[in-house]
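Working notes, structure below.
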Amino acid sequence: MCGIVGYVGKRKAYPVLIKGLHRLEYRGYDSAGVALLSNQHRLNVYKSQGKVSVLEDTAHNQDLSGNIGIAHTRWATHGEPSHRNSHPHTSRSGRLAMVHNGIIENYAELKQLLLDAGYTFKSDTDTEVVVQLIEYLQESLQLSFVDSVQKALQKVVGSYAIAVLDESEPDTLVAARKGSPLVVGVGDDELFLGSDASPIVEYTNRVIYLEDEDMVVLQAGFTTSEPKITLMTIHGEAKEPNIQQVTMNVSELEKGGYDHYMLKEICEQPHSLRCCIESAKQSLTPQTIELLNANRILITACGTSWHAGLVGKYAIEQLARLPVEVEHASEFRYRQPVISKGDIVVAISQSGETADTLAAIELARREGAKVLSICNVVGSSIPRASDAVVYTMVGPEIGVASTKAFTAQVAVLMMMALRLGHARGKLDEPLYTALTTEMDELPSKIESAIRQRESIRRMAQTLSFAQSCIYMGRGYNYPVALEGALKLKEISYIHAEGYPAAEMKHGPIALISQEMPVVTIAPQGSIYDKLVSNVQEVCARHGRVMAIVTEGDTQVSKMADSIITIPKVSECLSPIVTIVPLQLLSYYVACIKGCDVDQPRNLAKSVTVE
Ligand code: M6R
């Protein structure tokens, strides 16, 4: 899950590439690099370990001329994060440079072939094997640049998005994809390449989403003055480019005055949720609901999206009385699950590029099930591999910790549960109408939670000293406990576990002491009284309780060390509101601890490798 940018045109390539890398840094930030074909038609490669800003320092005062170039920001898979493993990688002669996102599975075998032919390697990466292979084929079979890339890709097993330059063909950039995303931007007299549209949209909204096994040749047309796109498969079949319009706009990609993308994305949830609910109302047509009205629903996803799926299970089973299973996509794809034609698989993904979720979909479709995806990024791989899609339409989510995507995914699942329950006659009219109306009120309920930022910041001061922490909730708020704990772990590096509150006495209560904060999600609802007992059990063992409670709460509030209140909300809709203070809590803890909120260590936003 690295980020790739490319440029071919009349502008100076370097600033376009650097700006593009900053946009794609959410995909990885272990190292960054750029290759430029200079005005003297020399291939200049600059790279450095660390973030794009370090690359900028490295490249400062170097020859940054040239109108054609490729660039990369890396999340390490093969080989540790280091200068020598940074992309672009070059061939033996130094004539070719290549950037790559993905994993080459047969790299060891290909490497041996090249070692036998006398090649040596400068890095531990699978990428270097491919660029060396291209040059080897070029030289041994006397192939052109384009033909040698094509031939090499026919020998490669695995997933890739690549971009390659050849010093001896200084007006040409060759790119290809299989399993990893790649988008071409079509400007008036320039062409762009990106792992997604974010590095492209400020120059053009006309894009071509490459399909698996597509290969594209972008030519600057230094002689013809018009840049040229030639699209083909890696097997040499010509294809007609399908140019589409993207709707993303540049302001959505900026921090908009906030200190971090995460805070911006938390605070824009009232707005993003409104957009999502409107979009879901349109997308959940009677035909889509009929598709969902299967024998069984299998929800598959990873991380935060999986937590949203768990809320979806509670809602669909309660409101539509249809059996639902929720599976981590990484387990589902390898455990030979029983899938039948009467099942519907619902895949949830913010990015639409998560490798395990994509593989789970492919498995489900091979077994004859229909797939409906809930996705945020329009045109990404998961919706394209699905039979139907409901977009969450919350705009780009850039902070690595997912926030607005979660509330939107839960809202879509809730709407599905309501419409499905109604269509199946399991939900009476008054309740259906009341809950549907209440969904429209959720944005203002979230606003009220966001207004308590100061109290949440104070709670964060205490939590920031913890080594470890427990989140507990019941029913609909058990998945919220899991999600709250994940948020804390990933951005503040404090160990946290989410538990169903009643499970505490089956083991975890042994951990309770004054040093162990217990964040309790305790809104009013059918199970509130049971939760009160669980909180009592923690307090009796001197645990320190921080609680999310409904306005006017008396019982949990009395026992808790600190509380955050949320407005009254129906139990099934409560996760959309209760998660918001927990997002803010983890945000402020990470800030107090001086952590890199938007780009936490070891992580990347979209996990396009398994
Ligand atoms: O793009 P996806 O929704 O498929 O991503 C799934 C997970 O990688 C993602 O939710 C991850 O867990 C987030 N970093 C959580 O904040």
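Start at 1 and go down the list; that is how both ligands and their atoms are numbered. Quick note: numbers below take in every heavy atom, side chains included, and nothing from hydrogens, waters or symmetry partners. Just so we're clear, the structure is a prediction, and the values are computed from it rather than from any experiment.
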Could [X] and [Y] be called an ion pair, given the rule that one side-chain N must be under 4.0 Å from one carboxylate O?
X: Glu325; Y: Arg296; value: yes
X: Arg23; Y: Glu254; value: yes
X: Glu278; Y: Lys281; value: yes

Chi angles and distances behind the salt bridge (Lys or Arg N to Asp or Glu O under 4.0 Å) call for Glu362, Arg366: CA-CA 6 Å; Glu362 283 158 4; Arg366 275 199 307 277; 5.2 Å; no
Looking at non-hydrogen atoms alone, which of Ser305, Gly303, Cys375 comes nearest to atom 3 (O) of ligand 1? Ser305
Out of Thr354, Asp356, Thr403, who gets a non-hydrogen atom closest to atom 4 (O) of ligand 1? Thr354
Backbone or side-chain N or O of Ser402 under 3.5 Å from ligand 1 N or O: yes
Name of the residue among Cys2, Pro600, Ser53 meeting side-chain contact (heavy atoms from CB on, under 4.5 Å) with Tyr29: Pro600
Stepwise salt bridge (Lys or Arg N to Asp or Glu O under 4.0 Å) check, Arg177 with Asp214: CA-CA 6 Å; Arg177 75 154 273 180; Asp214 275 358; over 6 Å; no
For [atom], closest protein heavy-atom neighbour:
atom: atom 16 (O) of ligand 1; result: Glu490 OE2, 2.4 Å
atom: atom 8 (O) of ligand 1; result: Val607 CG2, 4.0 Å
atom: atom 6 (C) of ligand 1; result: Cys302 O, 3.3 Å

Taking heavy atoms and a distance under 4.0 Å, where does Lys487 meet ligand 1: side chain, backbone, both or neither? side chain
Can you list the ligand 1 atoms lying under 4.0 Å from a non-hydrogen atom of [X]?
X: Ser351; result: 1 (O), 2 (P), 4 (O)
X: Thr304; result: 10 (O), 12 (O), 15 (C), 16 (O)
X: Ser349; result: 1 (O), 2 (P), 3 (O), 4 (O)
X: Ala401; result: 16 (O)

Verdict with reasoning, Lys404 to Glu268, per salt bridge (Lys or Arg N to Asp or Glu O under 4.0 Å): CA-CA 8 Å; Lys404 62 178 179 175; Glu268 71 191 15; 2.5 Å; yes
Is the closest heavy atom of Val400 to ligand 1 under 4.0 Å? yes
If we ignore angles and hydrogens, is there a donor and acceptor under 3.5 Å between the side chains of Ser574 and Asn477? yes
